[in-house]
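Note sheet for the following structure.
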Amino acid sequence: MFGPHRGLPSIGCKHNRFLAYWTCSGILEYWNDGMLGVRADFRNPLFQNSIIPLFQPHNEVVSDHARRRSRHRGRTWLLRTANSLVVPSPAKINLFLKVVGKRPDGYHDIVTLVSRIGLFDTVVLTLDKASIRVECDHPKVPEDSSNLAHRAAASFFRALSIDHGVDIFIDKVIPVAAGLGGGSSNAAAVLTGLNECYGLPLTDGQLRQIALGLGADVPFFLFRKPAVARGIGGDLEPYEDLSQQPVVLVCPRFEVPTGWVYKNFNLGLTNYGKDIKIPPLKTHFSRAKPFLFNDLEQVTVKRFPEISLIKKGLRDLGAEIALMSGSGPSVFGLFSDVHLAAKAVEKMKDRGDWDTFWVPLLLS
Ligand code: ATP
């Protein structure tokens, strides 16, 4: 067994659930002086511009003085100790997803608007190891060389032509096979984390090339901004017309394999051309609404009607838009009213066997 409880400050396994709880309401931030905390900067009047609990190694709540000091420090998203690195690994949602064609190799070409959200796994890298090893606390995540994080580390060392190893501990908070890109995000976290540890030997372009070889969503997680992705997902352009909105995320507790969804997708049922323009998604949703859909719902919702129920539930509770993310089954609601969003979280928690989160969009 290895993990953050060995040789690292006690922020890994032990407290991650607590951190995850807070990340439902804010953006997890790591400071380069060894502290971490959560900043909530969206339109929740309760949390606006505030930094809620900060922790130091050894689980001390940081003093007010340190808290003020940290606000003025340069922020970094990595927490580093002697031979370990902690990398937050966020989920994503697809605010729009259109399938525009099928390639001879069987892959589908899509156009999708995608944003990271404030729901995080934590990836801990421990260096100076002889081989690559993965440990994850989720029973459905493989710990062998099929784990995307393992593959990312192997590709990184191969690119540098070195025979090094790393221990990778993944504290899983993002629901698995849920359309939230957890595995791809873990892979991107390993790539950027290792590149940081080794003194940035690979350029962004080289990292992107490796990412593309690992999976269609991995380049997006390196991109670190909301983006319109085209092709099989790796062709990215920034999307700047998105403003902070409260997002209520509802995840039914079953898994949907992405491959199965595309295999059953009927291209004949879609009727938009390739020239797709996504309207601005600032505060006024009404004009954008008719353009926001997810083509993959035609497959997943047909097989799992519960998804329709969740969408309707969110809309009835005031969501401007309720859509399935990726190949599902997770559904998110975008709210323009923070109080309605707060109520929706409570109500959805009482219904069905679902996990419900309130998360911000990560816009930068
Ligand atoms: P996709 O990226 O295929 O759309 P998803 O985002 O819906 O998938 P993931 O949580 O990435 O879902 O998991 C997809 C599958 O990948 C899982 O069934 C799991 O067996 C496998 N997998 C491999 N590595 C990981 C990882 N690090 N985290 C989660 N799942 C992983």
Side-chain angles (χ1 to χ4, degrees), residues 3 16 20 87-95 97 99 106-108 110 112 114-117 119-125 132-156 166-194 211-223 229 231-234 249-265 294-297 299-300 303-304 307 323-332 355 357:
N16 205 0
V87 190
S89 176
K92 57 87 183 165
I93 53 173
N94 301 81
L95 295 139
L97 193 153
V99 182
Y107 284 101
H108 287 81
I110 60 169
T112 181
V114 56
S115 171
R116 293 170 308 145
I117 54 172
L119 178 70
F120 296 86
D121 290 343
T122 301
V123 174
V124 183
L125 306 175
I132 302 170
R133 287 200 306 158
V134 175
E135 186 191 342
C136 181
D137 57 354
H138 192 295
K140 294 282 173 64
V141 174
E143 292 183 319
D144 59 12
S145 59
S146 69
N147 191 298
L148 267 178
H150 190 293
R151 290 180 51 212
S155 304
F156 178 83
V166 59
D167 278 355
I168 303 167
F169 175 81
I170 303 168
D171 193 347
K172 225 354 119 186
V173 172
I174 303 171
V176 173
L180 300 172
S184 302
S185 176
N186 296 166
V190 167
L191 288 180
T192 41
L194 284 178
L212 256 179
L214 294 169
D217 281 338
V218 186
F220 164 72
F221 285 103
L222 295 178
F223 197 65
I232 58 166
L249 183 68
V250 182
C251 307
R253 293 190 190 132
F254 53 82
E255 297 170 12
V256 175
T258 305
W260 172 82
V261 176
Y262 278 105
K263 205 167 142 219
N264 288 282
F265 183 78
N294 179 345
D295 263 354
L296 301 180
E297 285 185 356
V299 181
T300 318
R303 170 73 180 76
F304 302 102
I307 294 168
L323 272 186
M324 189 178 83
S325 177
S327 48
S330 300
V331 174
F332 63 89
D355 291 317
F357 306 91

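Since we're looking at a predicted model, the values are computed, not measured. Values reported hereafter were calculated over all heavy atoms of this structure, with side chains retained and with hydrogens, waters and symmetry mates removed. One-based numbering, in listed order, for ligands and for the atoms of each.
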(message) Among all the protein's non-hydrogen atoms, which is closest to atom 13 (O) of ligand 1, and how far away is it?
(response) Ala177 N, 3.5 Å
(message) Between Arg253 and Asp355, is there a side-chain heavy-atom distance shorter than 4.5 Å?
(response) yes
(request) Report the nearest protein non-hydrogen atom to atom 11 (O) of ligand 1: residue, atom name, distance rounded to 0.1 Å. (result) Gly183 N, 2.8 Å
(message) Quick one: does any side-chain atom of Lys92 pair with a main-chain N or O of Ser325 as donor and acceptor, under 3.5 Å?
(response) no
(message) Starting from atom 8 (O) of ligand 1, what is the nearest protein heavy atom, named by residue and atom, and what distance separates them?
(response) Thr258 OG1, 3.6 Å
(request) Name the closest protein heavy atom to atom 17 (C) of ligand 1, giving the residue it belongs to and the distance to 0.1 Å. (result) Val176 CG1, 3.8 Å
(request) Provide the number and element of each atom of ligand 1 under 4.0 Å from a heavy atom of Asn186. (result) 26 (C), 27 (N), 28 (N)
(request) Using a strict 4.0 Å cut-off to heavy atoms of Lys140, name the atoms of ligand 1 that fall inside it. (result) 20 (O)
(request) Give the residue, atom name and distance (to 0.1 Å) of the protein heavy atom nearest atom 22 (N) of ligand 1. (result) Pro142 CD, 3.9 Å
(message) Under a 4.0 angstrom heavy-atom cut-off, which atoms of ligand 1 come close to Ala178?
(response) 7 (O), 12 (O)
(message) At less than 4.0 angstrom from any non-hydrogen atom of Leu180, what atoms of ligand 1 do you find?
(response) 6 (O)
(message) In the structure I gave you, are the side-chain heavy atoms of Phe357 and Pro175 within less than 4.5 Å of one another anywhere?
(response) yes
(message) Could you work out, for atom 23 (C) of ligand 1, the closest of Leu148, Val190, Ile174 by heavy-atom distance?
(response) Leu148
(message) Could you report the tightest heavy-atom contact between Asn94 and Gly326, atom names first, then the distance?
(response) OD1-N, 3.0 Å
(request) Give a yes-or-no answer on whether the side chains of Ser185 and Ser89 include a donor-acceptor pair shorter than 3.5 Å. (result) yes
(request) Check for a donor-acceptor pair, side chain of Asn186 on one end and backbone N or O of Ala149 on the other, with a separation under 3.5 Å. (result) no
(request) For atom 7 (O) of ligand 1, find the nearest protein heavy atom and state the residue, atom name and distance (0.1 Å precision). (result) Gly179 N, 2.8 Å
(message) Nearest 0.5 Å, please: how far is CH2 in Trp260 from OG1 in Thr300?
(response) 6.0 Å
(request) Answer yes if a protein heavy atom lies under 4.0 Å from atom 4 (O) of ligand 1, otherwise answer no. (result) yes
(request) Would you mind checking which non-hydrogen protein atom is closest to atom 6 (O) of ligand 1, with the distance to 0.1 Å? (result) Gly181 N, 2.7 Å
(message) Heavy atoms only, cut-off 4.0 Å: how does Lys172 contact ligand 1, side chain, backbone, both, or neither?
(response) side chain
(message) Once rounded to the nearest 0.5 Å, what's the spacing between atom CZ of Phe169 and atom CD of Glu143?
(response) 9.0 Å
(request) Please write down residue, atom name and distance for the protein heavy atom closest to atom 2 (O) of ligand 1. (result) Ser184 OG, 3.8 Å
(request) Could you tell me whether a side-chain N or O of Glu297 sits under 3.5 Å from a main-chain N or O of Met324, the two making a donor and an acceptor? (result) yes
(request) Please determine if Lys172 and Asp137 form a salt bridge, counting it only when a charged side-chain N lies under 4.0 Å from a carboxylate O. (result) no
